[in-house]
Protein chains: 2
Amino acid sequence: MGRRSSIGEGELIEALSRVFRDTGYDGATLSILSEETGLQRASLYHRFPGGKEQMAKEVLAVTESWLTENLFDPLKTDAPIDERVQLLVQKLDALYSGGKQACILNMLSSASDYEGPFACAIKRIFEALIEALSQLATEQGTAKAVGQARAERVVMLLHGSLVLSRGTGSQKPFERFLEALPEELLGRH
Amino acid sequence: MGRRSSIGEGELIEALSRVFRDTGYDGATLSILSEETGLQRASLYHRFPGGKEQMAKEVLAVTESWLTENLFDPLKTDAPIDERVQLLVQKLDALYSGGKQACILNMLSSASDYEGPFACAIKRIFEALIEALSQLATEQGTAKAVGQARAERVVMLLHGSLVLSRGTGSQKPFERFLEALPEELLGRH
DNA sequence: GTTTTGTTACCGAACGAACGGTAAAATATA
DNA sequence: TATATTTTACCGTTCGTTCGGTAACAAAAC
């Protein structure tokens with residue numbers, strides 16, 4: 001395998017992720033992707049013969065496995081609930097850089113395109129996220145339905161706070177969401 | 001003023017709104033905008049000398065005044081609170097077509113571009129929405145700070161439910177948000 | 001009451017630039 | 001040498017934008 005490349009597989013996907021997340025699919029031109037990865041357009045096509053669409057697909061695939069390994073699975077320990085919820089808060093805070101970054105799921109969702117090339121992956125990630133939170137919420141005797149509803153609401157609040165933070169140019173909404181998360185998820189008012 | 005136009009000012013902005021809302025700023029090509037408005041590219045430039053950017057700006061301006069006249073102001077009557085909240089629910093349901101449509105504020109927010117051409121208008125609309133809901137929430141003796149927090153949370157839930165509905169291809173999340181809205185805003189648990 | 005002039009709305013054609021994508025040569029790794 | 005990777009140069013298409021001109025209507029001039 002001949003490689004003199006200055007950029008590794010992980011960093012490559014990371015750079016692509018960043019561009020797609022910050023500019024959306026249409027905004028992510030090959031010039032920007034090339035610039036940000038340090039690879040020429042043709043080099044990108046060597047690694048992703050399927051072009052821009054394949055890049056976005058692989059970004060979503062990596063995002064899914066990353067979330068599974070670094071967020072969903074670590075939440076499944078037998079540590080105390082409050083400890084795990086605190087871990088969730090920390091992970092989300094890091095994942096979205098305190099509300100500065102948008103969510104790639106939102107940025108790659110095309111409104112008109114319900115059967116778009118990414119619809120399946122996006123849907124699966126959303127459902128996995130809700131499921132993970134739901135398991136957290138129901139592990140203290142809470143009814144399954146109630147826990148699921150709380151999990152869905154937390155996901156709504158998460159993405160809503162990100163939209164609001166981006167729209168108002170302030171991280172405050174996201175920070176307030178993180179603060180309210182434990183009570184929202186566990187239902188202690 | 002000579003005019004043989006087939007499309008009125010209102011319908012024009014409406015068509016442009018639809019395209020920007022469904023495809024985002026980058027996705028809204030002049031070809032699509034031309035197709036959807038029934039005006040040739042050159043004709044669009046006659047009405048909007050500033051080009052695509054001016055179109056989006058005017059769409060946002062019309063959106064802002066529309067919301068003020070048709071949502072914020074009608075909420076300021078002296079009708080019973082529950083009646084007004086019910087009105088809010090109906091208006092939101094119609095505005096987003098039951099969760100089928102995305103929000104143009106989200107679609108025109110560019111992540112990387114905190115000082116983008118639409119940032120000010122978007123921020124203003126978000127804050128006006130929160131303010132309108134906040135007034136509703138505090139008109140029953142609720143403390144100002146509490147009402148404001150509830151209003152912000154409702155806005156988060158609104159946009160989060162839209163993101164989730166779009167991402168999962170289901171209107172359910174938005175519907176569940178609408179159902180929960182009164183309790184969320186007025187704090188009756 | 002015509003004719004002229006000016007204004008407004010619209011369109012077809014074209015512009016340069018950038019788009020996503022490709023082929024083959026060049027270069028690095030093994 | 002053989003293979004993997006990057007590079008250079010280019011393809012056709014579409015992008016946002018502009019230009020020249022035409023049809024319709026209103027005001028002014030005759």
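For clarity, every value in this text was computed on a predicted model and none was experimentally measured. In the text below, chain A, chain B and the rest are named by the order of the sequence lines, each starting its count at 1.
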Going by heavy atoms in the side chains, are B/Leu181 and B/Leu92 under 4.5 Å from each other?
-> yes
Tell me which residues in residues 23-35 of chain B put a heavy atom below 4.0 Å from DNA chain C, sorted by number, or none.
-> none
What is the distance from CZ of B/Arg47 to C1' of C/dC11, rounded to the nearest Å?
-> 13 Å
Using distance alone, with no hydrogens and no angle criterion, decide if B/Gln90 and B/Gln86 have a side-chain donor and acceptor under 3.5 Å apart.
-> no
Could you walk me through whether A/Ser31 and A/Arg41 pass the side-chain hydrogen bond (donor to acceptor under 3.5 Å, both in side chains) test, one step at a time?
-> CA-CA 7 Å; A/Ser31 296; A/Arg41 266 190 289 270; 3.0 Å; yes
Measure centre to centre between the rings of B/Phe174 and B/His159, then say whether the value is under 6.0 Å.
-> no
Return the set of residues passing ring pair (Phe, Tyr, Trp, His ring centres under 6.0 Å) with A/Tyr96 (not counting sequence neighbours), or none when no residue passes.
-> none
Quickly, which of B/Leu16, B/Thr23, B/Asp22 forms a side chain to side chain contact (heavy atoms under 4.5 Å, CB included) with B/Val19? Name it, please.
-> B/Thr23
Would B/Lys57 count as a cation-pi partner of B/Phe118, with NZ or CZ less than 6.0 Å from the six-membered ring centre and within 45° of the ring normal?
-> no
Starting at atom CZ of A/Phe48, determine the distance to atom P of C/dT22, rounded to an integer number of angstrom.
-> 15 Å
Taking only N and O in the side chain of A/His46, is any of them less than 4.0 Å away from OP1 or OP2 of D/dT5?
-> yes
Taking B/Thr37 for its side chain and B/Leu39 for its backbone only, find out whether a donor-acceptor pair lies under 3.5 Å.
-> yes
In residues 37-44 of chain B, which residues come under 4.0 Å of DNA chain D by heavy atom?
-> B/Arg41, B/Ala42
